[in-house]
> 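To start, I am sharing the structure in question, which I have written as structure tokens.
In this text the structure is predicted, and so the values were computed from the model without any measurement. Positions are given from 1, in the same order as the sequence printed here.
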Amino acid sequence: LSFSKEGDNWEATPSGDGACVVALDCTQDAAILSAGMSRELINHIQQLRKGAGLDLLDVVEVFFQEEEGVTSTEDAVSCNVATFETKFKGAVPLPERFAPAWRVVLRSDKVDVGGSKVTVSVCRPALAVKDSLDEGLKNILSTKEPSEFTAGQTFKCSLDGKESELKEGGDFWLSSAAKTRAN
């Protein structure tokens, strides 16, 4: 039995008696490359969590910053959202532009992901707010922990004598990932 191949992306191994040939197409397409980059990013996140002394059950948010003009990590994450949600209990690493200004970085490092330098930061969970929300109300929400709220809850507060009712899922979200999913 023989095997004929086209291109250099094939590997074949015949059985000892030559009755069977196993052939593999080793072409690395975009899906395979992005899955590999996602695994690299997951490994770096796990190392940062370990370095920060976190337990498996500790909830965090992860943000990353790529070199100017590079989006390969962002593209890999967007192609593998389900992998990240499964690995990190619904949390998905997000580009730094989605991080709240008041985030608390627990551990950060510049790492190599798919040949690009990426700064990855593991942060404490923080509320995310509607971009157009009043700065004073943003400041009030920046002092609150996500664990103080439930999905859909209304938060009442007073700022300069003006009463406000802010709704989770509309004015603020329990995480930056929840905000990006909603928008």
> Keeping D58 on the side-chain end and L54 on the backbone end, is there a donor-acceptor pair under 3.5 Å?
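Side chain of D58 to backbone of L54, a donor-acceptor pair under 3.5 Å: no, none is there.
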
> Compare every heavy atom of E96 with every heavy atom of S121, then report the nearest pair and how far apart it is.
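Closest heavy-atom pair between S121 and E96: OG-OE1, 4.5 Å.
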
> Taking NZ in K87 as the centre, count heavy atoms belonging to other residues, nucleotides or ligands within less than 6.0 Å. Is the count above 12?
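Atom NZ in K87 is not packed in, count stays at 12 or less.
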
> State, yes or no, whether a side-chain contact exists between T154 and E168 at a heavy-atom distance under 4.5 Å.
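No, every pair of side-chain atoms sits at 4.5 Å or beyond.
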
> Could you tell me if the ring centre of F155 sits under 6.0 Å from that of F149?
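That pair passes the under 6.0 Å test.
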
> Whether the side chain of S158 engages the backbone of E163 through a donor-acceptor N/O pair (distance < 3.5 Å, no angle test) should be reported.
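No.
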
> Among E145, K138, K144, which residue satisfies the side-chain contact (heavy atoms from CB on, under 4.5 Å) criterion with L127?
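Output: one option passes, namely K144.
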
> Please say yes or no: joined through hydrophobic side-chain contacts below 4.5 Å, possibly via intermediate residues, are I42 and V81 part of one cluster?
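As far as the 4.5 Å side-chain criterion goes, V81 and I42 are connected within one cluster.
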
> Is there a chain of hydrophobic side chains (I, L, V, M, F, W, Y, each step under 4.5 Å between heavy atoms) that links F63 to L174?
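Shared cluster, no.
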
> Looking only at heavy atoms, what is the nearest atom pair of V122 and I45, with distance?
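Between these two residues, the closest heavy atoms are CG2-O, 4.4 Å.
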
> Would you give the length of the straight line joining atom CD of E135 to atom OG of S142, rounded to the nearest 0.5 angstrom?
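Here the rounded value is 10.0 Å.
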
> Which heavy atom in V77 sits nearest to a heavy atom in F64, and how many Å separate them?
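It is CG2-CE2, 4.1 Å.
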
> If you compare all heavy atoms of M37 against all heavy atoms of T73, which two are closest, and at what distance to 0.1 Å?
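Residues M37 and T73, closest heavy atoms: CE-N, 3.8 Å.
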
> How many angstroms lie between CD in Q46 and CG in L56, if you round to the nearest 0.5 Å?
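Spacing of CD (Q46) from CG (L56) equals 8.5 Å.
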
> State, with a plain yes or no, whether a side-chain heavy atom of F172 is found less than 4.5 Å away from one of K167.
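With C-beta onward as the side chain, the pair stays apart.
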
> Any non-hydrogen side-chain atom of K117 less than 4.5 Å from a side-chain atom of D112?
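Yes - at least one pair of side-chain heavy atoms lies under 4.5 Å apart.
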
> May I ask you to test the K179-D131 pair for a side-chain heavy-atom distance under 4.5 Å?
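When only atoms from C-beta onward are counted, D131 and K179 do touch, with a gap below 4.5 Å.
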
> Could you walk me through whether R124 and E61 satisfy the salt bridge (charged side-chain N to carboxylate O under 4.0 Å, His left out) test, starting with their C-alpha distance in whole Å, then the side-chain angles of each, then the deciding distance to 0.1 Å, before giving a yes or no?
CA-CA 6 Å; R124 284 184 50 195; E61 289 188 288; over 6 Å; no

> Is the shortest distance from a Lys or Arg side-chain nitrogen in K162 or D134 to a carboxylate oxygen in the other one below 4.0 Å?
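The answer is no: the pair does not qualify as a salt bridge.
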
> May I ask whether L94 and V62 are part of the same hydrophobic cluster, defined by side-chain heavy atoms of I, L, V, M, F, W, Y residues being less than 4.5 angstrom apart, directly or through others?
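No, L94 and V62 fall in different hydrophobic clusters.
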
> Quick check: is V60 connected to V104 through a chain of hydrophobic side chains (ILVMFWY, heavy atoms under 4.5 Å apart)?
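No; tracing contacts between hydrophobic side chains, which count when under 4.5 Å, never links both residues.
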
> For the backbone of Q65 and the side chain of R97, can you confirm whether one donor and one acceptor N or O come within less than 3.5 Å of each other?
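No, because the side chain of R97 does not come within donor-acceptor range (under 3.5 Å) of the backbone of Q65.
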
> Name the one of P100, P95, C123 that satisfies side-chain contact (heavy atoms from CB on, under 4.5 Å) with S176?
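Running side-chain contact (heavy atoms from CB on, under 4.5 Å) over P100, P95, C123 with S176 returns exactly one hit, P100.
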
> Does E74 offer a backbone N or O that forms a donor-acceptor pair with the side chain of T71 under 3.5 Å?
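Between the backbone of E74 and the side chain of T71 there is no qualifying donor-acceptor contact (under 3.5 Å).
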
> Determine the minimum heavy-atom distance between V113 and E40, stating which atoms define it.
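Looks like CA-OE1, 3.4 Å.
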
> Does some side-chain heavy atom of V92 sit less than 4.5 Å from a side-chain heavy atom of E85?
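Yes, their side chains come closer than 4.5 Å.
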
> Closest heavy-atom contact between F84 and P93?
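Result for this residue pair: CD2-CD, 3.5 Å.
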
> Quick one: pull up OG1 in T150 and CD in Q153 and give me the separation to the nearest 0.5 Å.
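The OG1 atom of T150 sits 4.0 Å away from the CD atom of Q153.
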
> If you round to the nearest 0.5 Å, how far is CG of L141 from CG of D171?
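It comes to 8.5 Å.
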
> Is there a path of hydrophobic side-chain contacts, each under 4.5 Å between heavy atoms of I, L, V, M, F, W or Y residues, that connects L133 with W102?
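Same hydrophobic cluster.
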
> Drop me the distance from K156's NZ to E165's CD, to the nearest 0.5 angstrom.
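So the NZ of K156 and the CD of E165 are separated by 4.5 Å.
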
> Can you list the steps and then say if S34 with N80 is a side chain to side chain contact (heavy atoms under 4.5 Å, CB included)?
CA-CA 8 Å; S34 74; N80 296 281; 3.2 Å; yes

> Any luck finding a side-chain donor-acceptor pair between D109 and T119 under 3.5 Å?
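No donor-acceptor contact under 3.5 Å links the two side chains.
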
> Can you confirm whether R107 is buried at CZ, in the sense that more than 12 heavy atoms of other residues, nucleotides or ligands lie under 6.0 Å from that atom?
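Result for CZ/R107: open.
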
